[in-house]
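Note sheet for the following structure.
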Amino acid sequence: MRKSFTPSVGFFQNTVHASLNPTRTLDHWIPVLDRFTSAPLVAGNSKLADNILIFDLPAIHTCMNCADCAATCYAMKSQRLYKNTYNKRMINWFMAIHTPYQLMNTIVVQVANLPKRTDNRRWYVRMHASGDFFSQQYITLWDSIVRDVNNIRQDIQFYFYTKVSHILDFSGLTGHHNVNLVESILPDGRVNFAPFEEAFEIAKETGVYVCPYRNPHLNGELHRCGDTCTHCMHNKHVLFIKH
């Protein structure tokens, strides 16, 4: 298990690639980084339908239990290739630690302003396509976000994958009717992704559902998360084909 840490302002100042006035601390310039802070939730890739918004954190840095997957972490690729992706995740992390109320209010306002859908689909908010829950205080932050959102509208479903459910207490957060926790560790202790043939062997052994994305058994049919498949929004376990 990887030991987590709480980064200082200096850590962010030395690792975020945004253009800064070097004489100021992050406490001064965080409010004016509008392109990073005004909309913490962002759209995902083509695998995801347009009714899914994501809040990301830096991969590995925020993952307390990543020994089994750090070397092959899919989220590291875009983090290494794209400065804006890296910056966005780092700023989200900074705000979660140092300006949590600003982050909470910004997310709640962003969700409150989402247009009402006309296609009978819900809005989904995924906590972390990259990163994981890194502290109990951070879980409490999302508990507060969900509570405030639920006081405003009833068409939002939250979900997340985590490897730290045995380390941190998620009972408050998952106590909300519209929050689903997906265990990234299967009941037998294995991680929930594997190469194609191995994934289906594990599925036979465990009875766990296999994500349809890139599943050749489906004869090339297009399956999009949040549209043709909503398994992860409502179930505890899923298997992914490694890609």
Side-chain angles (χ1 to χ4, degrees), residues 6-7 9 12 16 18-20 24-45 48-58 62 75 82 84-162 170 172-181 225-227 230 232-233:
T6 300
V9 170
F12 288 99
V16 175
S19 177
L20 306 178
R24 291 183 176 270
T25 68
L26 288 188
D27 289 322
H28 290 93
W29 60 263
I30 189 72
V32 299
L33 287 181
D34 183 67
R35 66 191 175 116
F36 294 111
T37 61
S38 60
L41 305 178
V42 298
N45 56 31
L48 307 180
D50 63 2
N51 58 330
I52 297 179
L53 296 175
I54 299 172
F55 181 82
D56 273 337
L57 294 173
T62 61
Y82 307 111
N84 279 349
T85 297
Y86 179 76
N87 282 348
K88 180 68 174 177
R89 295 174 181 178
M90 292 294 288
I91 294 300
N92 284 348
W93 192 22
F94 174 87
M95 294 182 72
I97 293 172
H98 296 289
T99 61
Y101 292 107
Q102 179 184 348
L103 177 61
M104 178 179 71
N105 291 335
T106 305
I107 291 176
V108 171
V109 169
Q110 185 180 1
V111 174
N113 289 333
L114 290 173
K116 295 291 184 181
R117 300 198 66 89
T118 59
D119 54 9
N120 296 318
R121 290 188 294 167
R122 297 171 65 87
W123 282 103
Y124 295 107
V125 173
R126 176 178 171 179
M127 308 167 202
H128 319 136
S130 170
D132 202 344
F133 287 88
F134 57 86
S135 72
Q136 197 63 47
Q137 292 83 356
Y138 179 60
I139 294 176
T140 301
L141 171 63
W142 274 103
D143 184 11
S144 300
I145 290 170
V146 174
R147 180 200 63 215
D148 286 1
V149 166
N150 289 348
N151 286 333
I152 298 170
R153 55 193 301 173
Q154 300 299 314
D155 59 340
I156 312 295
Q157 174 77 22
F158 296 84
Y159 71 107
F160 62 93
Y161 308 83
T162 185
F170 288 90
L173 180 56
T174 57
H176 296 282
H177 71 279
N178 56 333
V179 176
N180 187 55
L181 182 161
C225 185
D227 184 1
T230 59
C232 292
M233 290 73 167

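Please read all numbers here as calculations on a predicted model, not as lab measurements. We number each residue from 1, following the sequence as shown.
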Looking at side-chain heavy atoms only, is the closest gap between [X] and [Y] below 4.5 Å?
X	Y	answer
Pro40	Met95	no
Phe158	Leu173	no
Asn51	Gln157	no
His128	Tyr161	no
Leu48	Ile54	yes
Tyr138	Leu57	yes
Val125	Phe55	no
Val42	Lys88	yes

Open item on the list: With side-chain contact (heavy atoms from CB on, under 4.5 Å) as the criterion, how do His176 and Asp143 come out once you've worked through the C-alpha distance, each side chain's angles and the decisive distance to 0.1 Å?
Closed with: CA-CA 8 Å; His176 296 282; Asp143 184 11; 2.5 Å; yes

Open item on the list: Is there a side-chain contact (heavy atoms from CB on, under 4.5 Å) between Phe134 and Ile97? Walk through the geometry before answering.
Closed with: CA-CA 10 Å; Phe134 57 86; Ile97 293 172; 3.8 Å; yes

Can you see which heavy atom on [X] is nearest to which on [Y], and at what distance?
X	Y	answer
Ser130	Pro58	OG-C, 3.9 Å
Leu53	Ala43	CD2-N, 4.0 Å
Tyr124	Thr230	OH-CG2, 3.5 Å
Ala49	Gly226	CB-C, 4.0 Å
Pro7	His98	O-NE2, 3.4 Å

Roughly how far apart are [X] [atom1] and [Y] [atom2], rounded to 0.5 Å?
X	Y	atom1	atom2	result
Met104	Leu141	CE	CG	7.0 Å
Arg153	Asp148	CZ	CG	14.5 Å
Phe133	Thr140	CZ	OG1	10.5 Å
Ile145	Ile156	CD1	CD1	13.0 Å
Asn178	Tyr159	CG	OH	14.0 Å
Thr106	Gln110	OG1	CD	8.5 Å

Hey, does the side chain of [X] reach the backbone of [Y] with a donor-acceptor pair shorter than 3.5 angstrom?
X	Y	result
Asn105	Tyr101	yes
Asn180	Cys232	yes
Arg126	Phe160	no

Open item on the list: Using the rule given for side-chain contact (heavy atoms from CB on, under 4.5 Å), can you reason through Val111 versus Leu114, listing the C-alpha separation, both sets of side-chain angles and the distance that settles it, and then say yes or no?
Closed with: CA-CA 5 Å; Val111 174; Leu114 290 173; 4.3 Å; yes

